[in-house]
Protein chains: 2
Amino acid sequence: MPVTELLPLTDVTACCAPLTREPLGAADAEALAKTLKALADPARLRLISMVAAHDGHEACVCDLIEPLGLSQPTVSHHLKILVDAGLLSRDKRGVWAYYALVPGALDAVAAVFATV
Amino acid sequence: MPVTELLPLTDVTACCAPLTREPLGAADAEALAKTLKALADPARLRLISMVAAHDGHEACVCDLIEPLGLSQPTVSHHLKILVDAGLLSRDKRGVWAYYALVPGALDAVAAVFATV
DNA sequence: CCCAGACATTGACAGTTGTCGATGTCTTGA
DNA sequence: TCAAGACATCGACAACTGTCAATGTCTGGG
């Protein structure tokens with residue numbers, strides 16, 4: 001009898017040791033840049049923030065369109081980018097698609113920039 | 001008699017409260033995205049990493065061109081973007097331009113993504 | 001005064017990105 | 001079976017980005 005499993009789609013570590021510890025290899029730099037590109041957009045930052053602040057730490061697309069002020073296709077587009085980057089998860093329940101933060105994903109990004 | 005001052009060009013705080021605390025305003029999102037766009041490039045991530053790992057925590061352009069494998073104008077271009085974003089500082093001494101990490105700048109970025 | 005060298009700036013070009021309207025795909029309820 | 005609605009995908013377009021070759025600017029040495 002399988003226990004309900006929550007397999008993270010991506011590793012919790014963003015890619016590499018903290019930036020200031022040792023020179024970044026080309027491959028690690030590429031991977032980290034890909035994650036940061038997903039974050040480096042005002043709409044996507046607000047989406048992450050809105051999802052985190054929502055009840056139950058998840059939100060459906062219909063909750064996000066109006067406060068964000070962008071069209072529905074554009075919101076879906078941004079959400080897809082965040083899911084592909086391993087930052088958000090998507091859970092379709094009935095007609096609605098619920099998006100939630102992937103646990104640890106943001107902490108992994110924070111760890112890369114920590115200098116302590 | 002003025003003491004030698006080291007005025008940080010940008011505030012140490014990246015822009016705002018941690019992403020997961022409260023929904024991000026449009027203006028804050030724009031500002032944070034600008035900083036992240038500066039970071040979201042493999043060449044620039046490696047430049048930051050190389051500068052941090054270099055002796056004295058600073059490096060001139062000539063130290064960076066060969067290990068990065070890009071042309072000199074391109075390296076100068078990336079360094080300018082990092083300086084404009086408040087992440088690196090530039091200090092021209094004689095013929096050489098020395099780049100160094102702005103203290104606290106990366107920590108401010110890390111703080112935005114910290115979920116503790 | 002002029003030359004060499006370190007670095008910045010300019011101009012050009014291909015590739016990527018954010019946005020929207022139109023359309024497609026499912027699911028639910030009647 | 002059908003219609004409505006939530007969401008995804010597609011196609012198009014303007015704006016932005018990374019890169020290099022060519023050129024400009026400044027500094028130190030002879």
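Sequence lines set the chain letters: A, B, ... in the order given, protein chains first and strands last, and positions in each chain run from 1. Every heavy atom of this structure was used, including side-chain atoms; hydrogens, water molecules and symmetry mates were not.
- In this structure, the CG atom of B/L45 is 11 Å from the P atom of D/dG18, given to the nearest Å.
- Each of A/S71 and B/H77 was matched to the nucleotide of DNA chain C holding its nearest heavy atom; the match closer to the 5' end belongs to B/H77.
- Rounded to a whole Å, the NZ atom of B/K80 is 15 Å from the C1' atom of D/dT17.
- For A/D91 and D/dA6, the CG to C1' distance is 15 Å, given to the nearest whole Å.
- Here the P atom of nucleotide D/dT19 and the CG atom of B/L70 are 5 Å apart, to the nearest Å.
- Residues A/L87 and A/M50 fall within the same hydrophobic cluster, defined by Ile, Leu, Val, Met, Phe, Trp and Tyr side chains chained together at heavy-atom separations under 4.5 Å.
- Counting any heavy atom pair closer than 4.0 Å across all strands shown, B/Y98 reaches no nucleic acid atom.
- Neither B/L32 nor A/I81 shares a network with the other; the hydrophobic side chains, linked directly or stepwise wherever heavy atoms of I, L, V, M, F, W or Y lie under 4.5 Å apart, form separate groups for each.
- Scanning DNA chain C 5' to 3' for nucleotides with an atom closer than 4.0 angstrom to a non-hydrogen atom of chain A gives a first and last hit of C/dG18 to C/dT28.
- Rounding to the nearest 0.5 angstrom, the gap separating the CG atom in B/L45 from the CG atom in A/L36 is 6.0 Å.
- For the pair B/T74 and B/V95, both in contact range of DNA chain C, the more 5′-proximal nearest nucleotide belongs to B/V95.
- Residues A/K37 and A/L79 both approach DNA chain D. Their nearest nucleotides, taken by heavy-atom distance, put A/L79 toward the 5′ side.
- Counting any heavy atom pair closer than 4.0 Å across all strands shown, A/R93 reaches no nucleic acid atom.
- Separating the NZ atom of B/K92 from the P atom of D/dG28 is a distance of 10 Å, rounded to the nearest angstrom.
- Residues A/L88 and A/I65 share a single hydrophobic cluster, defined by chaining ILVMFWY side chains whose heavy atoms lie under 4.5 Å apart.
- Counting distance only, with no hydrogens placed and no angle test, the side-chain atoms of A/Q72 and the base atoms of D/dA8 include a donor-acceptor pair under 3.5 Å.
- Backbone-only contact: A/H78 has heavy atoms under 4.0 Å from sugar-phosphate atoms and none from a base.
- In summary, A/E58 and A/R93 engage in a salt bridge, as defined by a charged side-chain N under 4.0 Å from a carboxylate O.
- Inter-residue side-chain proximity for B/C16 and B/L24 is flagged as met; some heavy-atom pair is nearer than 4.5 Å.
- Neither OP1 nor OP2 of D/dC7 sits under 4.0 Å from any side-chain N or O of A/R90.
- Summarising the geometry, atom NZ belonging to A/K34 is positioned 11.0 Å from atom CG belonging to A/D84; distances are rounded to the nearest 0.5 Å.
- When the P atom of D/dT17 is taken as reference, atom NZ of B/K34 falls 10 Å away, rounded to whole Å.
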